[in-house]
Each structure stands twice: as structure tokens, then as C-alpha cells.
Amino acid sequence: MRCAFAMAILNDFLSAWMRQAFQDCCPPEDLAAIATAPAANPDFGDYQCNAAMGLARRLRQAPREIAAAAMAGAPACPAVAKLECAGPGFINITLDDQWLATQIDLMAHDFERLGVPCPGAGRTVLLDYSSPNIAKPMHIGHIRSTVIGNALDRLHRFLGYRVLADNHLGDWGTQFGILIMGYRHFADQAALASAPVEELERLYVRSYEQARADHAWMDQCRAELVKLQAGDPENHRLWQQFVDLSMGEFDRIYRRLDVAFDLTRGESFYHEQLPGLIDTLVERGLARASEGALVAFLEEEKLPPCIVRKSDGAFNYAATDVATIVSRLQEFQPDRIIYVTDERQQLHFRQIFAIARRLGIEAELAHVWFGLMRLPEGTFSTRQGNVIKLERLLDEAEARALELVRQSSPAMPPAQQREVARAVGLGAVKYADLSQNPQSLVTFSWDKALALNGNSAPYLQYAHARIRSVLDKYQERHPDIRLDSQPILLGHPLERRLALHLLRFPEAVLQAAQLYRPSILADYLYELAGHYSSFYQNLPFLKEKAGRRESRVRLCALVASVLHRGLDLLGITAPDRI
RNA sequence: GUACCUGUAGCUCAAUUGGAUAGAGCAUCUGACUACGGAUCAGAAGGUUGCAGGUUCGAUUCCUGCCAGGUACGCCA
């Protein structure tokens, strides 16, 4: 039997091959679980299959015997050079050098996609991320949703999905009642003209303090919100002014972060649909009056009750979010809606999704949450005024990077130095958030957010720039050689290891998107840069004799392409010079 | 009280979702300077994976119970 699998994901290819090997000695229902994995240790070959041990109990047979049977049953495969049984029953797979070289050659010729498939073709994903609140400055707590969401956006687009990135602004909540009261009583028009969002923030904090001490004030705030939601022209005018002022600042930051949305629809966009939604919920028995409010009871889902309309008649976040799902499905028919928010909203989304299911909505609904960013002294909040503004973080990052660029590239023109510093500083900040498991707690620290060495974006950018520089030198010295027709030779273990890792790029991209964890791609790139740096430091290539020299230069070029593309998928720029 | 998350080297984080000797970075120490970019590389040292049980060939990973921290839980978003 010939080996006839398409090689898109190396591990899937080998897993499918192993399933064939096990076909005769494994019950059919267990076949699907058989898979390979990269070897834990280079001594064990390149890939391993651990299925024999798992089957031993079911088959009442020694795992090594099962492994031996599978190895005997394995169809011939040009990819595999050696198959060994080791330890209690591991099957160790060593790939064929020539085959690896051919795969690298194919990958290098796939200049645009580098072997990454397009599983999202024909599917639509709506991505809801960033979503800051109007009238509050963007602070470092907002960067996680923005950066993680944007990376998921780029990953899904690259995988062929039609992506609609929607910035679901908080432009319709209680804060406007508080803000309107603050504006009426404390507004400083001069400050509003010169630093609008700071002034709005000040008014909000001032009015909120008042409300905490003064019940009548709080009641008045609520009343102003109800008036706004009921269409009061004066409150609506103020609201529009607050929105416009905030959007000016948000747009400036998004441009700087290289983040773009297809839609910017705040909660207010769905405002008119809320009464109809509430009627539907009541008609279908999904919500009923309770203590003056309208509440959806979700006992079947083992979830606490969810208020969809407050006793003062105002709609809340829950109502808006359900209406948003309904509206999005009607207008765009997404196969999936992904929300990126912090951990505090887990229960909220479980409730919202439960209500959506009861309304008969079938689209896949995913909540990607991440740990709240804290300061060493605790949580920060606008109300307490202990926030670190996002722009200040970005300024600091660029300043530190600029200092470094000036030191290491003094000959570079100042304008280019600034451009490089922008990419490096911004990359460092983004990478700090993207390179770790989103669900862990994060305590903000300047040194961590702005790290320029070790496992950081600048390390990857540096590796990339070094390669570009070497490639230029090669071009100068050998302008007549057509590189892409030169054979790939994998003789040295460092070359081989690099090649093997390069071939895992498609898998890293796919996994990062499927598991909603950009950190998987970041880890992959960091390891790639590490393998490359060892290779670079320990093996000559421009000085190597012809043939091997071309092979190594081609490997370098492919590493550069993968780093550039991979960083781009994380929203990070890799300059040619650094 | 209930639910979810976190706990791994001095510090910050990994561990291919149950695999072989738990890996990186920072900090510390030792090497590599006629180099193709030293923002680097090679190496050393650093661990009872919060604690106690259980499941099995095998547990950082799954189950149970504790401990510590975080977050949420009918009128915030």
C-alpha cells in the first residue's frame, strides 16, 4: 500500500499514517485516538507515537507486542527513514533527510502561505474585541483585549475566514447618567477643549464620588440615563458630544497600535431593538417579572437568574448583548461569534449564550477571556484614579527602544531610527501580552511589559533583521546565482533541527487560532528564533563552500519569511534593519 | 455560601491537553572578541510542580478533600 496523504500539517500526516499502521491490530472505535507527537527528546527520533501503551489494557497484550505489530503493519512511507520501539512501547519515528529537504523546498516556494492551509474558506467569524467605554481613557487594562483580539483577527483572516472585527463600544450604560450630572455641575469648558477625555474622566470621577455619598444625586443620575434612553434631545446631544470626543482619542490609539475594525458599533446601535427583544423573551416565556425587574431564569442550565430589564425601566448590558447577537446573525450570518473580554464577564456570557440558545440560535458562540491586569498594589479602576494610560505605556516603550537603536545603529538616519523604535517598542508591549497563557493573572510591571531581551519581540525582530542583512550580503557577492533552484542539504544536526521546526509552522498557526491562544504561535516563533540563533552562531554559511552555502542561505531566507509572517499574524512588524 | 480561574526554579512564565530525564527568560556564575550584526551563542547552578489522598504501565495534567490568592454571583458594564 502506498502512502498517499497530503502534507499540510506534518503531525496530522504522520498520525494518519500511524492509524493505517494500527488498522489491523486496533479496535476500530479506538483508531481515531491514535496520533503522533513531536519527540520529547532528540534521542527518541523526530516524532513519537504512544498509542500502544494505551491499547495494552483493552487488548490484554503487552504494549511492546502491539507496537511491534503496528510497525510491521505500517505501509511504506517515503517520509520515514527509521521506526523503532523503545521503553514500555513508544514508537519512535525518524524522518528521512531527503524527504525533509523536499518539504522545505516546497514550503520555500509557497511564498505567500508557507504551507499554511485555508480551512476557513467559506466561513464567517465575527470577532468582538477591544470594546472600551466612552468617556474613559484607554489604560493598560484595555491592551489585552485589543492585542489578543487583533491577533485572533489576523490569524483567522490568514486561515481564510471572512472576519468581521467589531468594536462593541460601551456607549450606552449607567456611566452616562453619572457623566451628564458631572457635566452639568462641574464642567470646565477650557479643559474640555484642550484635553477632552481627561476632563470627561475628571467629571465622571467627581460625579461618581458625589453619588456615593448622596443618594439623591445617584437617583438623579439614574433618571438622566432613563431620559437619555428615552430619547431626550438635550441628553442625547451631550451623549453625542462625549462619544465624538472619545472616538477621536480611540482612533489615534488604534492607528498607533496598527489595529483596524470592520465595524464600530456601540451598545447604542442596538438600542431600538431592545423593546422588541424583551417582548419576544416574555412571549416565549423566557423572562418574567420579578421584584419589579424582568428576569430570565436559567435553572436548567444551572445558572443564576439574569436581569434583562431593570425595575426603573432601563435596559441593561444583558439585554443589549442578546439583541446584539440577534442583530449580527440577521445581518451577517456568521458561523461563529467570538468575544474577547476579561475574566469578570464569564458568568455574563454563559447567561447570554444560554438565552441565545433558548431563542434557537445555533451559531457557535465563544467567550475568550483573559486574566485581569493588576498593579502590585491591587486592581485599578477609573473611579479610583490609579490607572496607567495606554499612551504613556506606548510612549515609554518607544523611548526605551529608541535609546537602544541609537546605541546599536548610530549610523542609521534618525527618521529610520524612530520608525524602528516604534516597531520594536510596540512589538515588545504586544508580545508581553501575547506570549503567555491569556488566562493567567497578570501583574503589570514596566520592566516586563517593556523587556527588550530574552523571550521578547525584539529578540525575534533581531533574529529577523540579522538574516535580512546576511541575505543582502549574499546577493551582493553572488548576484548571478538563482537561489530557489539550489538543492536543500540537511547534513548537520543543527540544520536538521531547524528544518524540522520550520515545517511545524502551519500547525502552530492553526492551533493558535483553534484554541484562541496566540501564545502558541509566539512560543513557536521564539523557539524558531532560538534554533536559528544556534545555527547562525555555530555554522558558517557565507564562508561555506558553494552548494552547502546556498542550502544554508535558503534555510535562512525561509526562517526570515516565517518570522516575518508569524510576527505579522501577531500584529508585530519585523523591520529589515534594526 | 455557590461557581469559575490561578498556584511549577529566587523572580516572570512554558510543558505539544495522560508520556520517557518538568523546559525557557531574567537575575547569579563560567566560557566564546580578526564576526556572516555580541540585542547573540556554549555551559554551570537553581525543583517534594501549594498540601493530602485516589485513578493506572505512567499524573504538572484527570477525580476527591483541604490551604492560599483572584474574580463573579437580580437592578454596574
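Atoms considered below: every heavy atom in the structure, side chains included; atoms not considered: hydrogens, waters and symmetry mates. Residue numbers begin at 1 in each chain, while the letters A, B, ... track the order of the sequences.
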Exercise. Of all heavy-atom pairs between V308(A) and A319(A), which one has the smallest distance, and what is that distance?
Worked result: O-CB, 3.2 Å
For this session: Specify the residue among L347(A) and Q175(A) whose closest nucleotide of RNA chain B lies further upstream toward the 5′ end.
Result: L347(A)
Exercise. For the side chain of Y526(A), counting heavy atoms from C-beta on, which of A3(B), A20(B), A24(B) is nearest?
Worked result: A24(B)
Seminar exercise, completed: Between the CD1 atom in I520(A) and the CG atom in L434(A), the distance rounded to the nearest 0.5 Å is 12.5 Å
For this session: Output yes when at least one side-chain N/O atom of K310(A) is less than 4.0 Å from OP1 or OP2 of C76(B), else no.
Result: yes
Problem set entry | Inter-nucleotide P distance (G37(B), U49(B)), Å rounded | 45 Å
Exercise. Across all strands, who's sitting opposite A68(B) as a Watson-Crick or G-U wobble pair, both distances under 3.5 Å?
Worked result: U6(B)
Exercise. Picking from A32(B), G37(B), A14(B), which would you name as closest to the side chain of R466(A)?
Worked result: G37(B)
For this session: Output yes when at least one side-chain N/O atom of S534(A) is less than 4.0 Å from OP1 or OP2 of A42(B), else no.
Result: yes
Seminar exercise, completed: To the nearest angstrom, the CZ-P distance between F349(A) and A3(B) comes to 23 Å
For this session: Determine the contact category for R309(A): base if any of its heavy atoms lies under 4.0 Å from a base atom, sugar-phosphate if only primed atoms, P, OP1 or OP2 are that close, otherwise nothing.
Result: nothing
For this session: Using the C1' atom as the reference point in each nucleotide, state the distance between U17(B) and U60(B) in Å, no decimals.
Result: 12 Å
Exercise. Given A39(B), U40(B), C75(B), which nucleotide is nearest the side-chain atoms of S311(A)?
Worked result: C75(B)
Exercise. With respect to the phosphate group of C57(B), does any side-chain polar atom (N or O) of R60(A) fall under 4.0 Å of OP1 or OP2?
Worked result: no
For this session: Can you tell me, in whole Å, how much space there is between the P of G1(B) and that of G10(B)?
Result: 33 Å
Exercise. Can you tell me how far C1' in C51(B) sits from the matching atom in A68(B), rounded to whole Å?
Worked result: 11 Å
Problem set entry | Atom P, compared across G25(B) and C41(B): separation rounded to whole Å | 8 Å
Problem set entry | Nearest-neighbour nucleotide for the S408(A) side chain, C36(B), A39(B), A32(B) considered | A39(B)
For this session: Drop me the distance from L372(A)'s CG to R344(A)'s CZ, to the nearest 0.5 angstrom.
Result: 4.5 Å
Seminar exercise, completed: Among U71(B), A77(B), C36(B), the one nearest any side-chain atom of Y317(A) is A77(B)
Seminar exercise, completed: Rounded to whole Å, CD of Q345(A) lies from P of C76(B) at a distance of 15 Å
For this session: Please determine, for the side chain of Y462(A), which listed nucleotide (G38(B), U21(B), A77(B)) has the closest atom?
Result: G38(B)
Exercise. Considering every strand shown, what is the Watson-Crick or G-U wobble mate of A24(B) when both distances are under 3.5 Å?
Worked result: U12(B)
Exercise. Can you tell me the Watson-Crick or wobble partner of A42(B), both distances under 3.5 angstrom?
Worked result: U30(B)
For this session: Please state whether the rings of Y339(A) and F353(A) are parallel, tilted or perpendicular, taking 30° and 60° as the class boundaries.
Result: tilted
Problem set entry | Shortest side-chain distance from Q48(A), nucleotide among C73(B), A77(B), G19(B) | G19(B)
For this session: Scan N92(A) against the nucleic acid and name what it touches under 4.0 Å (heavy atoms): base, sugar-phosphate only, or nothing.
Result: base
Exercise. So is R288(A) actually on top of F297(A)'s ring, under 6.0 Å and inside 45° of the axis?
Worked result: yes
Problem set entry | A72(B) OP1/OP2 closer than 4.0 Å to side-chain N/O of Q346(A) | no
Exercise. Which listed nucleotide (U12(B), A77(B), G19(B)) is nearest to the side chain of N50(A)?
Worked result: G19(B)
For this session: Just call it for R64(A): base, sugar-phosphate, or nothing, with non-hydrogen atoms closer than 4.0 Å on any strand.
Result: nothing
For this session: For the pair S207(A) (side chain) and L203(A) (backbone), establish whether a donor and an acceptor sit closer than 3.5 Å, ignoring hydrogens and angles.
Result: no
Problem set entry | Complementary nucleotide for U60(B) - Watson-Crick or wobble, under 3.5 Å | none
Problem set entry | Between CD1 on residue I93(A) and NZ on residue K82(A), distance to nearest 0.5 Å | 12.5 Å
For this session: Measure from CZ on F444(A) to C1' on U12(B) and round the result to the nearest Å.
Result: 14 Å
Seminar exercise, completed: Taking A77(B), C73(B), G37(B) as options, the one with an atom nearest any side-chain atom of Y536(A) is G37(B)
Problem set entry | Rounded distance in Å between the C1' positions of U61(B) and U6(B) | 15 Å
For this session: Could you check how far CD1 of I91(A) sits from P of A20(B), rounded to whole Å?
Result: 16 Å
Exercise. Is any side-chain N or O of E343(A) under 3.5 Å from a base N or O of U71(B), one able to act as donor and the other as acceptor?
Worked result: no
Exercise. So does D321(A) reach the base of A77(B) with its side chain, donor to acceptor, closer than 3.5 Å?
Worked result: no
Exercise. Taking a pair as Watson-Crick or G-U wobble with both distances under 3.5 Å, which nucleotide is matched to C73(B)?
Worked result: G1(B)
Problem set entry | Whole-Å P distance, G19(B) and A44(B) | 26 Å
Exercise. Roughly how far, to the nearest 0.5 Å, is the CG atom of L525(A) from the OH atom of Y459(A)?
Worked result: 12.0 Å
Exercise. Among G74(B), C36(B), A15(B), which is the nearest nucleotide to the side chain of F297(A)?
Worked result: G74(B)
Problem set entry | C1' spacing across the pair A22(B) / U40(B), given as an integer number of angstrom | 27 Å
